[in-house]
Amino acid sequence: MKVVTLRSDALAESEPLSGKPASAMIHIDRVSQRFQTSGRQSHLALSDISLTIDDGAFVSILGPSGCGKSTLLYIVGGFVSPSDGVARVKGKAITGPGPDRGPVFQEFALFPWKNVLGNVMYGLRQQGVKHSEAEAKSRKLLEMVGLKGYENFYPKELSGGMKQRVAIARTLAYNPAVLLMDEPFGALDAHTRTRLQNDLLNIWERDRKTVLFVTHSVEEAVFLSDKVVVMTRSPGRIKVVVDIDLPRPRKRAELLLDARYQKYVVDIEKLIDDTGEDEIHA
Amino acid sequence: MSATVNKALLGITPIALFIALWQSLISFGYAPVTLLPPPGAVFLRLGQQLFTSDFLHEIAATLFRLFAGFAIAVVLGVVIGLAAAISPAINAVVKPVVRVLAPIPKVALYPALLLILGFDHASKITLVAADALFPILLSTYYGASMVEQKLIWSAMAAGTPRAQILFKVVLPAAMPSILTGCRIGLVISCIVVFLAEMITSTDGLGHMLVQAARTFQTVDMFVPLITISMLGLILNSLLHGLRTYLLRGFPEV
Ligand SMILES: Nc1ncnc2c1ncn2[C@@H]1O[C@H](COP(=O)(O)OP(=O)(O)OP(=O)(O)O)[C@@H](O)[C@H]1O
Ligand SMILES: [Mg+2]
């Protein structure tokens with residue numbers, strides 16, 4: 001936080017993040033997904049997706065509704081297995097969910113029978129961490145996401161923004177290398193959304209997890225990401241990958257005034273609108 | 001505080017109205033006292049009998065059958081319901097069997113049960129279990145089938161092995177439905193245990209009622225009836241308390 005200018009300059013110059021040599025964290029290799037729909041028909045949701053995501057990169061996926069963004073995320077999560085192609089994490093083919101990839105869903109998906117602390121402790125306990133240790137860690141995490149004092153609340157007693165903070169803490173607890181976020185702030189009001197974006201960015205700047213982030217908001221994608229993947233309407237294909245070359249750490253107030261930021265937003269919005277040929281080059 | 005008092009008053013009101021209606025039927029001469037005894041007389045008799053060992057024995061017999069039958073129904077209903085929800089193979093077997101057996105009036109099996117299991121507890125417990133089973137089984141099945149996929153995914157990503165998902169996610173997530181099924185099953189258990197005792201028994205509240213009816217002791221006839229409904233009320237509120245505790249994290253249901 002103190003080396004704002006220094007670090008952002010360094011980052012603006014060099015492409016690999018935080019000086020680490022860029023190594024692939026996620027490798028999606030010619031993945032297609034076909035769903036059986038009612039009747040004898042089938043629907044091609046994803047067609048021939050190839051994408052490499054570097055370790056520590058923040059990558060957003062944008063695209064029209066129904067283009068297969070969630071499906072792609074679920075494939076990386078190991079919740080859905082692709083009809084064709086392979087997805088790998090750290091070079092290993094994904095065969096199912098694992099604690100190296102932590103999901104955060106728009107619907108929060110908190111366990112209603114557990115209180116806030118119990119939800120956050122869940123993953124640690126599953127990893128075999130002792131109860132007392134898991135509790136201490138979870139309390140720290142909750143403090144970090146600004147929920148100190150809410151440990152004994154049940155999810156139903158929290159606002160949407162607080163629920164999503166708990167969900168993020170629950171996922172961060174087991175320290176996944178990759179965060180898979182499916183419109184995590186989509187159900188929140190604009191104010192809460194902005195706050196959570198800032199908080200997420202702070203967390204990310206600190207431990208540089210690889211993030212795959214699905215959103216409908218172009219501003220959100222540009223503000224947060226290193227790369228923005230724009231997908232086409234069904235069947236979902238990757239239309240273009242835009243590198244977001246903006247200095248970090250990013251400050252919302254500064255960025256909104258930044259002409260480069262504004263241009264990214266406008267260009268990407270056009271790319272999404274545009275169903276035909278892409279005549280705009282970012 | 002005053003909210004709970006209000007709630008309690010609301011709960012008592014229909015009962016008070018019912019008793020008032022009962023009394024007025026007699027007071028205004030719609031029902032002769034010989035056939036419909038006044039509530040005062042019934043409650044007086046109940047008060048006199050309540051702590052006699054004979055009466056307590058009848059209550060104990062009925063309660064034992066009720067609890068045993070209900071407990072068997074809960075265990076079988078939850079186990080079969082969960083198994084059917086998670087395993088398509090088991091579901092393929094369970095579904096048609098349930099479809100055939102659920103609508104049968106289980107009382108029709110009672111004569112056969114008596115012949116096989118005898119006149120004592122076993123036949124009545126079996127009948128209670130058979131009747132209470134289906135609502136519990138069905139609500140467990142639906143509850144467990146409708147568990148939000150993302151809860152399961154969240155648990156799996158956190159490192160929960162597939163084999164443990166049933167107990168760590170599906171069972172607790174299905175708890176609201178399971179307890180709803182249990183509540184229906186409990187009411188049915190109360191009805192059926194009484195019914196079975198009325199048909200053939202040597203003790204229990206249902207037996208008391210039939211004995212009194214045979215000798216036209218109308219006041220004595222109403223005592224077991226009032227007793228079973230009060231037992232039902234107490235058991236239901238106990239279950240409600242358990243439900244409130246277990247579902248404290250769930251949105252209001
Ligand atoms: N389990 C499924 N069975 C059948 N079709 C499915 C299934 N899941 C997704 N689809 C189809 O695949 C396509 C992509 O769905 P997906 O949810 O991935 O889209 P999305 O880009 O996340 O949309 P949104 O922005 O609205 O969330 C849709 O047409 C959807 O109908
Ligand atoms: Mg989606």
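All of these numbers come straight from a predicted model, not from anything done at the bench. So you know, we letter chains A, B, ... as the sequences are listed, proteins then strands, and number each from 1.
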Given a strict heavy-atom distance threshold of 4.5 Å, which part of Gln164(B) is in contact with chain A: side chain, backbone, both, or neither? side chain
Least distance between heavy atoms, Ala144(B) atom then Leu82(B) atom: CB-CD2, 3.7 Å
Using non-hydrogen atoms and a 4.5 Å limit, figure out which bit of Leu180(A) sits close to chain B: side chain, backbone, both or neither. neither
Which portion of Phe111(A) sits near chain B, non-hydrogen atoms under 4.5 angstrom: both
Checking heavy atoms, do the side chain of Arg170(A), its backbone, both or neither come under 4.5 Å from chain B? side chain
Take atom NZ of Lys156(A) as the centre, draw a 6.0 Å sphere, and report whether it contains more than 12 heavy atoms from other residues, nucleotides or ligands. yes
Does Lys124(B) come within less than 4.0 Å of Asp203(B), counting only side-chain N to carboxylate O? no
Report the option among Gly96(A), Gly98(A), Pro103(A) that has the most heavy-atom pairs separated by less than 4.5 Å from atoms of chain B. Gly98(A)
Turns out that what part of Tyr74(A) lies under 4.5 Å from chain B's heavy atoms comes down to side chain
Around Phe55(B), counting heavy atoms of other residues, nucleotides and ligands shown, do more than 12 lie under 6.0 Å from its CZ? yes
So, are Arg139(A) and Glu135(A) salt-bridged, with charged N and O less than 4.0 Å apart? yes
Heavy-atom count check: over 12 atoms from other residues, nucleotides or ligands less than 6.0 Å from Met146(B) CE? no
Counting heavy-atom pairs under 4.5 angstrom with chain B, the leader among Phe105(A), Trp113(A), Tyr174(A) is Trp113(A)
Closest-packed option against chain B by number of heavy-atom pairs under 4.5 Å, given Pro176(A), Gly123(A), Pro112(A), Gly128(A): Pro112(A)
